Each structure stands twice: as C-alpha cells, then as structure tokens.
Number of protein chains: 2
Amino acid sequence: MRIFHCEMEITLDVIGGKWKGLILYYVIQKPRRTGELKRLVHNISQKMLVQTLRELEADGLIHRKMYNQVPPKVEYSTTELGQSLEPIFKLLCNWGANYADESYAPDEIEILHLK
Amino acid sequence: MRIFHCEMEITLDVIGGKWKGLILYYVIQKPRRTGELKRLVHNISQKMLVQTLRELEADGLIHRKMYNQVPPKVEYSTTELGQSLEPIFKLLCNWGANYADESYAPDEIEILHLK
DNA sequence: CAGTATCCCCAGAGATACTG
DNA sequence: CAGTATCTCTGGGGATACTG
C-alpha cells in the first residue's frame, strides 16, 4: 500500500527525480533511440539512462520497441499516458524560457539547442 | 556563464530536485510558516527545508517575511514569478490524480490529505 | 519557533569492462 | 548499438545538539 499526502506527491513520484523529466521531454517530442537520448540528455551515463527508461516503462509512460536486427535497434515512444504530459511540459518549457528572460542577463546564460 | 541545452533544463534547474516541487506546491496555496511546511512536507528534515527555502528565495520564487517578535515568526509566500507556476502545478496535480486512477487499484493506494 | 553547526552515512550515481 | 555487471565513491541528505 502506497501512501501519499497530496496529488502532487503522486506526480513527483512518477516524473520526479534527476533524469525522468528530461528524458520524457525528448521522448514526448518523437520516438527516440537509445543512443539519441544518450546524446541529448547531457551528462547522463548509460547506466542511469537505461535504469530511468525502465522505470518510465514500468510506470506506463513510455513504450519500448525492439527491432530484431543486427546491429540492434531500440526505439522508445510515449504511451497515451505519457503523451498526456505534453501540454504540461510545453507550459513548463515556456515558463523556463520566461524565467531565463527575467532572471538572467544575456551574457550570463547560453542555450545550446541540440537536434 | 550557465549552459543549458533546452528550456526544460532551465525549468528543472529552478524547480527540480527532491523537495522544491512539494514546498512550492504548499507555498503557492497560501503563505506558510516554517513549522507548517515542516509538518506538510512529509519526511523533510529541518536542514533540507531551510536549505531549499533559501534556494527558492535566491531564485526569486518565494519571499521570506520575518516578524520581529518572540517567539520568532517567519512566513514564506510566493513572488509573482513563483505564483506564475500555479496553473501549471494545478495541471500537474490533476495529472497525478488521473494517474492514480488509471494505475492503482483502490486498495493499493491511500491519499492522506493534511490540512 | 526558526535557524545554524556538525558529524556522518549510504544510496544514488559515475566509471569501466564486458556480452549478444 | 543496446544492454548488463561490478566496483567504487561522493556529496546529498539524515541525525543530533545547540543558539537567539
């Protein structure tokens, strides 16, 4: 039996933590391969990437599709539940952009958009 | 010079981490005293509570008002920037409630709302 | 009551090597 | 390329005691 003290705790239990938010952010945009995520999520180790992906999968937020080929190919995509976070994540990004505008001088911050 | 790779990283830099989300959640609802937060944010230590409050204050999300009286009284409230998270946090809570509905059997979860 | 100062620990995370 | 297995380690965070 899991005990929570408000709905926010539930949400944070599922998408909180050091890496979940960022990984979800990229998988929500479009299906992503493992190596792609490793490149996008700066500084994450192979270990933490796989571990976090397993947790997101176990919680029903993403789906893991494996192609039986050599070399191996795996693609992660959102489930319906995971994709339902998309509008919220968009708001969170907008908020962050606005925060940067208000709280950083132009020469104190740089945003390097990867593709 | 701070480097980010997407707007999401900025947001997570400000409101990510183990305790910030939950503390903000309660302060957004209404001004809160220290002891009140300690009671609401389950399992947080005095040290982490104060430390996190200082970070939120330094990042301009909350304001600390001190009453010069004995015994001391301190009240934390949101700044305009902090309060601008309110609609997003509401969505996050709704999402968590919906997640609980979909992913937990009724006897696997309990939500103890404190006041 | 609110906050500081210490001490200290261990789980979470990094590094490396290896496999199919 | 994707993933596992180990080993290591460090710093985030817990516990405690103390102050104004």
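Computed from a prediction, not measured in an experiment: that's the story for all the values here. Every chain is numbered from 1 and lettered A, B, ... according to where its sequence line falls, protein lines coming before strand lines.
One interatomic measurement links the two molecules: CD1 of Ile44(B) to C1' of dG14(D), which rounds to 12 Å at whole-angstrom precision. Following rounding to the nearest Å, Leu53(B) (CG) and dC1(C) (P) show an atom-to-atom distance of 17 Å. Computed from coordinates, the Lys65(B) NZ to dG3(C) C1' distance equals 20 Å when rounded to whole Å. What separates CD of Glu75(A) from C1' of dG3(D) is a distance of 17 Å, to the nearest Å. Regarding Lys38(B), its NZ atom lies at a distance of 11 Å from the C1' atom of dA15(D), rounded to whole Å. Rounding to whole angstrom units, CD of residue Glu36(A) and P of dG3(D) are separated by 13 Å. For the pair Leu49(B) CG and dA5(C) C1', the interatomic distance rounds to 17 Å; values are reported in whole Å. One interatomic measurement links the two molecules: CE of Met48(A) to P of dT8(D), which rounds to 20 Å at whole-angstrom precision.
Proximity note for Arg33(A) (side chain, C-beta onward) versus dA2(D), dT4(C), dG13(D): the nearest is dA2(D). With distances taken from any side-chain atom of Ser45(A) to the nucleotides dG20(D), dG14(C), dG3(C), the minimum falls on dG14(C). Taking every side-chain heavy atom of Arg64(B) into account, dA2(C) is the closest of dA2(C), dG13(D), dC7(D). Among the nucleotides dG3(C), dG13(D), dG14(C), the one closest to the side chain of Tyr76(B) is dG3(C). Each of dG20(D), dG3(C), dG14(C) was ranked by its minimum atom distance to the side chain of Val74(B); first place goes to dG3(C). Closest to the side chain of Lys47(B), from the set dG3(D), dG14(C), dG13(D), is dG13(D). Comparing atom distances between the Pro71(B) side chain and each of dC1(D), dC1(C), dG3(D) picks out dC1(C) as nearest.
Two residues are said to be in side-chain contact when any heavy atoms from C-beta on lie closer than 4.5 Å; Phe4(B) and Leu112(A) fail this criterion.
Between the side chains of His113(B) and Glu7(A), at least one donor N or O lies within less than 3.5 Å of an accepting N or O. Side-chain contact check for His63(B) and Glu80(B): no donor-acceptor pair (N or O, by modelled atom type) lies under 3.5 Å.
Comparing Gln46(B) and Asn43(A), the nucleotide of DNA chain C nearest to each residue sits closer to the 5' end for Gln46(B).
An OP1 or OP2 oxygen of dG3(C) is reached within less than 4.0 angstrom by a side-chain nitrogen or oxygen of Thr34(B). Listed pair Lys18(B) / dG14(D) meets the phosphate criterion, a side-chain N or O lying under 4.0 Å from OP1 or OP2.
The residue from Arg33(A), Lys30(A), Glu36(A) that alone fulfils the side chain to side chain contact (heavy atoms under 4.5 Å, CB included) condition with Glu75(A) is Arg33(A).
At a threshold of 4.0 Å, the pair Glu108(B)-Arg2(A) does not count as salt-bridged, since none of the basic side-chain nitrogens sits closer than that to a carboxylate oxygen.
Across all strands shown, dA15(D) forms a Watson-Crick or G-U wobble pair with dT6(C), both key distances being under 3.5 Å. Across the strands present, dG20(D) finds its partner in dC1(C); the criterion is a Watson-Crick or G-U wobble pair with both atom distances under 3.5 angstrom.
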